[in-house]
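Proteins get letters first, then strands, A, B, ... in listed order; numbering begins at 1 in each.
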Amino acid sequence: MPTTQPAMIELAAVSKWYTPQFQVLKDCTTSVSKGEVVVVCGPSGSGKSTLIKCVNALEPFQAGTIRVDGVNLSDPGTNLPKLRSRIGMVFQHFELFPHLRITENLCLAQEKVLGRSRDEAMTKGMALLERVGLKDHALKYPGQLSGGQQQRVAIARALAMDPIAMLFDEPTSALDPEMITEVLDVMVELAREGMTMMVVTHEMGFARKVAHRVIFMDHGEIIEDRAKDEFFSSPRSDRAQLFLSKILSH
Amino acid sequence: MNYNWNWGIFWEMNPEGSGTYLTLLLMGLRWTLATAALAAIIALTFGAIVGVIRTLPARWAVLAGDAWVEFFRNIPLLVQLFLWYFVVPELLPKAAGLWLKTLPNSSFWTGAIGIGLFMSSRVAEQVKAGIRSLPRGQAMAGTALGLTTAQTYRYVILPMAFRIILPPLTSELLNTVKNTSVALTIGLMELTARTRAMQEYSFQVFEAFTAATLIYLALNASLTFLMRRLEKAVAVPGYVAGK
């Protein structure tokens, strides 16, 4: 499947420096096809979160090109807010807007960015809330929900924009263990429906279940970029082997 | 100490012919309130704009905002009022300077604007601190949803930042009220000036300043009470600061 579909996200030789001495991303090249689920893993500080934030231009990068649905991010003519509104993003710390009710969190960008009416936005929002199992919490504030519930709302908020792809930046890392499953379940369902997904995560169970490809990063470099089964059965690099042995040993 | 206490003085006529001494003080209070209100509006408006500017990614904007804050907070308020009132009109083209000097209630306008700009530097400092206290992910989340920078500030950043800085903003509001007394040096007949006038007319210094003290105290206590009510009214259910 991955090879037959056109690339939705294309990264070519992307490099990023925080200072002239400190390079966080080194010549990262990869792509995500339409409908493909790609898991990005690696030790902390390996640049995987930075890489995924470059994909919707939340982080600037100094060299290389990124294209999303054929649109070059670095092209001065690119309307970045418009492009970002078509890419869903889910953060480690949820980042719901605390002063807005769940419904308002879901409607804000639909109304202000997509120009939908309140009714339209509410219909869409409520349908998605129902889908993530939180319809009863619609009128609450984020602070009144558990971490797992907040992250499911965050996923619904991103989906409300009808994204062409979804980016997940360690979506379960800030959650208590018993809440991880409820979030992963939503993501698995999304993957099975054919959503294009790029997921930074340490959840190898999720990767095994739905990923098509696994990218392994270390020190800002893409060390391995392979089909899921190959990656888990015979990682080529020592670093990936060491990483897998550490996180899979329990 | 030989002092003739006379608490009835407030109901005696003042020599200005404007009524009792109490009337005299209340006339002062009206100028104090008007000056504080206009100064607070200026301080909040410019403080919010400059505070936001100092958190923008553009370097020139940050520099301009920093310059504003350093200019208005590093010069004593008294000197600033003298600058606006006595020096600036002389530096302007002759006609403009004359217009300023002959403006009706010029000490009120100069005082309110001068105090407002002085306080705006302090408000800007707090607005900036409030914005900085929010997790960086909040702005990122707004941006990732496709909101523009202006929309992210309007709908995501500022509503929370202002909630967070409400308690210190209350202090600045009280400071604004208290600082209006400095405007007596440029001839504004506000509460403190009227109190001194009462002292000079009647020699009842203790009564006069007791009254002024109580009026300032009541005014600021009421403001504190109202601000606490506001804090409660806009409190976010379930939100724990720093979480």
Side-chain angles (χ1 to χ4, degrees), chain A residues 49 52-53 55-60 79-102 104-115 137 139-147 149-150 154 157-163 166-167 169-170 174, chain B residues 48 51-52 55-62 126-127 129-169 227 229-243:
Chain A
S49 284
I52 203 171
K53 281 181 185 136
V55 172
N56 61 354
L58 284 183
E59 289 273 5
N79 182 341
L80 284 178
K82 187 164 177 230
L83 183 68
R84 289 187 186 112
S85 72
R86 303 172 64 207
I87 311 168
M89 177 126 193
V90 176
F91 297 86
Q92 182 176 0
H93 296 286
F94 332 134
E95 306 301 350
L96 295 180
F97 307 135
H99 60 293
L100 300 179
R101 291 176 193 278
I102 301 307
E104 295 165 327
N105 263 280
L106 291 164
C107 290
L108 179 67
Q110 289 192 71
E111 292 173 23
K112 304 299 172 196
V113 179
L114 303 181
H137 301 278
L139 294 178
K140 289 188 178 171
Y141 287 87
Q144 297 170 314
L145 300 186
S146 73
Q149 291 171 329
Q150 288 191 51
R157 181 175 70 178
L159 291 175
M161 304 294 285
D162 293 321
M166 287 281 287
L167 307 174
D169 184 12
E170 304 206 32
Chain B
V52 165
T55 63
L56 292 177
R59 243 184 85 75
W60 64 267
V62 175
Q126 283 167 2
V127 169
I131 292 171
R132 287 266 181 267
S133 76
L134 296 174
R136 222 176 123 236
Q138 286 283 298
M140 272 195 180
T143 308
L145 282 167
L147 297 175
T148 60
T149 305
Q151 286 176 323
T152 302
Y153 272 93
R154 163 73 183 79
Y155 298 110
V156 177
I157 304 297
L158 290 180
M160 280 314 291
F162 271 104
R163 282 177 170 88
I164 288 168
I165 62 169
L166 261 185
L169 269 188
M227 290 299 281
R229 290 276 296 269
L230 181 63
E231 273 172 48
K232 285 217 176 79
V234 301
V236 175
Y239 180 76
V240 185
K243 209 181 85 175

Exercise. With no hydrogens and no angle check, is any side-chain donor or acceptor of B:Gln138 less than 3.5 Å from a backbone partner on A:Leu96?
Worked result: yes

For this session: Can you tell which part of A:Ile87 gets under 4.5 Å to a heavy atom of chain B, answering side chain, backbone, both or neither?
Result: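 Answer is backbone: N, CA, C or O of A:Ile87 sit under 4.5 Å from chain B.
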
Exercise. Which region of A:Lys140, side chain (C-beta onward) or backbone (N, CA, C, O), has a non-hydrogen atom less than 4.5 Å from a non-hydrogen atom of chain B, or is it both or neither?
Worked result: neither

Enter the distance from [X]:[atom1] to [Y]:[atom2] here, rounded to the nearest 0.5 Å.
X        : Y        : atom1 : atom2 : result
B:Thr152 : A:Lys112 : OG1   : NZ    : 12.5 Å
B:Thr148 : A:Lys82  : OG1   : NZ    : 15.0 Å
B:Thr143 : A:Met89  : OG1   : CE    : 11.0 Å

Shortest non-hydrogen contact from [X] toward [Y]:
X        : Y        : value
A:Leu58  : B:Met140 : CD2-O, 3.8 Å
A:Asn56  : B:Ala144 : ND2-CB, 3.9 Å
B:Ala141 : A:Phe91  : CA-CE1, 3.6 Å

For this session: Side-chain contact test, heavy atoms from C-beta onward, threshold under 4.5 Å: evaluate it for B:Arg163 versus A:His99 and give yes or no.
Result: yes

Exercise. Relative to chain B, which of A:Gly88, A:Ala109, A:Pro98 shows the most heavy atom pairs under 4.5 Å?
Worked result: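 Of the candidates given, the most pairs with chain B belong to A:Pro98.
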
Exercise. What residue, out of A:Arg157, A:His93, A:Arg101, has the most heavy-atom pairs lying under 4.5 Å from chain B?
Worked result: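 Ranked by contacts with chain B, first place is A:Arg157.
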
For this session: Sort B:Arg136 into side chain, backbone, both or neither according to what part of it lies under 4.5 angstrom from a heavy atom of chain A.
Result: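 It is the side chain, since no backbone atom gets that close.
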
Seminar exercise, completed: chain A shares the most heavy-atom pairs under 4.5 Å, among B:Leu134, B:Val156, B:Leu147, with B:Val156

